[in-house]
Undergrad: 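First, the structure itself, so that you have it in front of you.
So you know, we letter chains A, B, ... as the sequences are listed, proteins then strands, and number each from 1. If you're wondering where the values come from, they're calculated on a predicted model, not measured in any experiment. Quick note: numbers below take in every heavy atom, side chains included, and nothing from hydrogens, waters or symmetry partners.
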Amino acid sequence: MVSEKPFAEFQLECENVLANALEKLFPEIQITHIPLEKPPILELGQLASSLCFELAKQLHEKPLVLAKRLVKSMDEKQFSLIEHVAPAGGGYINFHLNFAKFAALTIESVKQLDEAYGFSKVKEPVKIIVEHTSVNPLHPIHIGQARNPMLGDTIARLLMARGHTVYRHYYIDDVGRQTSVVAYGYDKLGRPKPDTKPDHFIGPIYTITSCLVEINRLKRELNRAKIVQVEDEIIKINRELDEWVSISAELSSKYPQLFEELLNKISEDENPENSINRLNKAYEEGEPKAKSLIRKVSELCFEGFKQTLNRIDVSYDSWDWESDFVLGGHVAEVMQKLKQTPYVFMQTGVWEFNAEDVAQRLNLKTKLGLKEDYTIPSLTLARSDGTTLYTTRDIAYTLWKFKKAQKVINVIGVEQTLAQLQLKIALYALGFHQYADNLVHFAYNLVSLPGYKMSSRRGRYITFDEVMDEAVKRAYDEVSKRSPQLSDAEKRKIADFVGIGAVRYALVEVDPSKPVVFTWDRVLNFETNSAPYIQYTHARACSILRKAAKKSEKTAYTLLKEKIEHEILLSLASFPDTFIEATEYLKPNLIADFANSLADKFNTFYNALPVIKAEPQGLSNARLTLVDAVRIALRNALNLIGIVAPEKM
RNA sequence: GGGCCCGUAGCCCAGUACGGAUUAAGGCGCCGGCCUUCGGAGCCGGAGAACGUGGGUUCAAAUCCCACCGGGCCCGCCA
C-alpha cells in the first residue's frame, strides 16, 4: 500500500472513528470540526482529541467521563492504522498508532514515490509569477539583499513542487534616479572597461558619485538657506553635510584614485544634480544616447549579478526592464486610466492618487487588514518634470504580470509595505479586483550589521560574494581537516556545496518577518542546525546503504519497535503535511526545520542502534529501508530549499 | 503624532495563523561522559526561562483581547 500522505491517513481514520462514536452516542450534538493534535510525548499516543472539554459544557458531564464513554462506543472493526484508543488526563482521547502497519505504509510510500515523496500536488494548479531579488543595478548584491533571492527562490521551488506553473521574474529598475547617478559617474570617467567583476567595479563608482553629488547639492542648499536665514534649516543641512563629508573621507581613503578622478570630473560640472535629472528625463523619453549609456551600466551590473546568483543556483525565467514599460507607453496608459477615476487629483503641480478615498468607497479596509480610522497616505504619481515614479511604474508592470499569471507574489522588503498597499489599492481603483485579490506582498525584514544598518548609498555593506567566498574557504579548511586523504579537486567540490549550502540555509532558516543582525558565525556554522550537518547526515545514510550487503527477501517492519524508530517514522510520514503548510502559508523555514529535526532523529538512531549488524536479518532489512527512507526525505527537503544533498563529503 | 512588525535561558532561535496534557522544543557557549562497532561535521548526560509588563476572556493562554514598556520599519516629486 502506498499513500501520498501517510500521517494524514491516520488522522483521517481518527476523525472518522471519533465522529462515528459521537454520532452513535450523542446524535443530537452537532460538531463541525473535530479537534486533533499531536500529544506532547510519544507515550500519550500519536494523535489526541480535546473534544470532550467542549462537549462537557453542553452535556454537563465531566470531560473524562465523556472520553471514557466515547472510547467505549468506538467500533474497533473500523481500526486499521489505529492500534487502540484510550481516555487520558482530564478528558483527552488518545489515539495510538499500529506501528507495524504504519511503518510498512510509510516506508513503502517513501520508497515508491521517491523523488516525488512529500510533494503533494494541488487539485487545481495555477500560473504564478514570483518576482524576487530585483536588486537595482548600482552595486554588488549585499548580504541584506541576499535574503530576498534565498526566500524568493525557495518559494518558487515550493510552489512548483506543489504542482503550480511558476515563472520567476527579475524586475530591473533601470528608470530610478539612482541609475542615472551611477551612469553619470561612469560617463564622467570615460566609460571604462571593468578590470574586476563588473558589479564590483560599478559599486564604488555609484557610491562615490552619489556622495559627491549629495555634498554638492547640500552645499548649494546651504547657501540658499543662508540667504533667507532660516536657522533650523541651516542646522539641519549642516548636520547632513557633516555626515556626508565624513563618508566622503571614508571613501577617499578606501578608493583614493577613483575618488580623486571622480571628484575632479564632477567638480567641472556646475550643477551635477541637474545633469542627472536631465539624463533621467532623456532616458524616459527614449533618447538614444541616454539609453545606450544607462543600459550599458545596468548590463555590466547584471553580468555580475548573474555570476553571483548562478553560484547559489538561483535563476530566472524572465528579466523585465522597467524602462520598457515607460517607453512602451504602458505607464502613460495607466496614468491616463487613473486620471479617469474619481481618485486622482492635482496638488501643488503634481497628480496624487487618493488611496484613502478608494478604500473608503469600496469598503476595503477590513479586507486589507487596516484599522477603520487609519488614513492611508496618498501616492504621488509623477514628478513635476513629467518623469514617472516607482510605484506608478509598478502598477503598469503588475497589470502586465497578470496577463501572464493568475497570481503574483512579490518578494519585497517590509519597508515597502505602504507602497505595495497603494499599488494594490490602485488595482482596485482601476477595477481589477481579482488582480488585487491575487497580489501578494511577501515581506521580509531587514538584515543589519552589528551596530548599524547596511547602506548601499553609504558604501556600508558586506557583499554576497564575500560571504560565499568566506563560507567556501572555511568549508575547505573543514574538509581538509576531516578528510585529508581527498584530492584537492574533491575537497574544492565539497567545500563549494558545503559553504554555499551553509549560506543558503542560514538565510532561509529564520522566520522572514524577523530582523536579522548579520554576524559571520550565524552563516558560517558547520555544526548542528546547519546545511552541512544535514548534508553530513544524508551522506552518512548513503554510506550505510553502500556498505550494506544485498539484502535477502524478508523485511520485518514489525520489529521496528524502538522509540526513536517510531519518531523517525512519524517525522517521515508528516513530511507531506509540513510541505503543504510551508507552501500554503509561504513559510520556507518550515522545510529547513523539518530537515534539521529529521537529521537529529536519524543521528540519535544511528548512534544507538546497529543497522547492518542488527539481528535478526529481518530487523536489519527493516532498518535499512528506514535509512533509505530518511535518505530520500532529507534529499527532497534539501533540494526544496536549493541545497545539494551529497552522497559523500 | 499615526500605522505595521518584533520581544521566549548569557547569546541565537522554534512554537503564536488553528488556545490544550508532562518537565516550554532546539542550537551556540559552559560542565561531565562516548572512538576494538555501519563516517566524531556525530552521540549521551548536566546546569541555565518571571515566554517584555499589567489586566482580561477560558475548564485550559507563550498562543486570543485590552493597556503599557522596549527595539525596528514606514508615513518622500527615493526605490
Side-chain angles (χ1 to χ4, degrees), chain A residues 33 35 37 39-41 43-44 48-50 53-54 56-57 62-63 88-92 94 134 136 173 175-179 347-352 369-371 373-377 379-385 387 389-391 393-394 412-419 421 443 445-446 448 453 457 475 478-479 481-483 498 509-511 513-517 519 521-522 525-530 532-537 539-548 581 585 587 589-590 593 596-597 599-600 603-614 623-624 627 648-649:
Chain A
H33 169 72
E37 69 255 10
I41 52 172
E43 287 71 19
L44 293 173
S49 182
S50 56
F53 294 99
E54 282 184 47
K57 262 179 285 182
K62 287 199 165 154
Y92 287 93
N94 292 347
S134 304
N136 296 350
D173 174 24
V175 186
R177 228 188 66 100
Q178 291 161 313
T179 324
Q347 191 181 59
T348 59
V350 287
W351 294 104
E352 292 280 330
L370 304 169
K371 284 189 180 167
D373 51 6
Y374 167 66
T375 307
I376 306 163
L379 171 73
T380 306
L381 291 169
R383 295 191 186 93
S384 47
D385 73 353
T387 55
L389 256 15
Y390 171 77
T391 307
R393 298 191 295 263
D394 206 3
I412 300 178
V414 267
E415 70 277 10
Q416 292 197 42
T417 303
L418 176 60
L421 176 70
N445 220 310
L446 299 177
S448 58
K453 223 173 110 175
R457 282 182 74 201
E478 290 295 312
V479 180
K481 208 164 67 195
R482 296 168 201 279
S483 311
V498 166
E509 177 242 5
V510 283
D511 182 333
S513 72
K514 305 220 176 179
V516 164
V517 177
T519 54
D521 53 328
R522 178 191 283 278
N525 176 20
F526 296 90
E527 292 173 17
T528 308
N529 195 15
S530 71
Y533 170 71
I534 301 163
Q535 288 172 318
Y536 177 75
T537 308
R540 209 177 208 186
C542 291
S543 171
I544 296 179
L545 295 165
R546 270 196 306 273
K547 293 214 167 106
E581 193 185 342
Y585 296 100
K587 291 168 103 173
N589 51 313
L590 293 185
D593 286 345
N596 185 60
S597 137
D600 274 344
N603 284 318
T604 297
F605 162 82
Y606 174 90
N607 269 274
L609 304 167
V611 175
I612 295 171
K613 291 181 180 168
R623 284 189 180 153
L624 278 167
V627 171
K648 291 180 184 177
M649 66 184 269

Undergrad: Hey, does A:Ala56 reach any base, or is it just sugar-phosphate, or nothing, if we go heavy atoms under 4.0 Å?
TA: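 Since no nucleic acid heavy atom lies under 4.0 Å of A:Ala56, the category is nothing.
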
Undergrad: Quick one: label A:Gln416 by what it contacts on the DNA or RNA (base, sugar-phosphate, nothing), any heavy atom closer than 4.0 Å.
TA: base

Undergrad: Mind calculating the distance between NZ (A:Lys481) and C1' (B:G40) to the nearest angstrom?
TA: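 Whole-Å distance recorded here is 12 Å.
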
Undergrad: Considering only heavy atoms and no angle criterion, is a donor-acceptor pair shorter than 3.5 Å present between the side chain of A:Glu581 and the base of B:A17?
TA: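 Answer is yes: a donor-acceptor pair is held.
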
Undergrad: Give the stems involving RNA chain B, where a stem is 3 or more consecutive Watson-Crick or G-U wobble pairs (i with j, i+1 with j-1, and so on) under 3.5 Å.
TA: B:1-7 with B:69-75, B:10-12 with B:26-28, B:30-34 with B:42-46, B:52-56 with B:64-68

Undergrad: Could you work out the separation of B:A24 and B:G19 based on their C1' atoms and round it to a whole Å?
TA: 15 Å

Undergrad: When you measure only distances, ignoring hydrogens and angles, does the side chain of A:Ser384 come within 3.5 Å of the base of B:C77 through a donor and an acceptor?
TA: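 Such a pair is found, so the answer is yes.
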
Undergrad: Which value, in whole Å, describes the distance between the P atoms of nucleotides B:U22 and B:U8?
TA: 24 Å

Undergrad: Between B:C11 and A:Arg522, is there an OP1 or OP2 to side-chain N/O distance shorter than 4.0 Å?
TA: no

Undergrad: Could you tell me whether the phosphate oxygens of B:G40, OP1 or OP2, come under 4.0 Å of any side-chain nitrogen or oxygen in A:Arg540?
TA: yes

Undergrad: Using a 3.5 Å distance criterion without hydrogens, assess whether the side chain of A:Ser448 forms a donor-acceptor pair with backbone atoms of A:Val517.
TA: no

Undergrad: For B:C35, is chi within 90° of 0 (syn) or not (anti)?
TA: syn

Undergrad: By the 4.0 Å heavy-atom rule, please label A:Leu609 as base, sugar-phosphate, or nothing.
TA: base

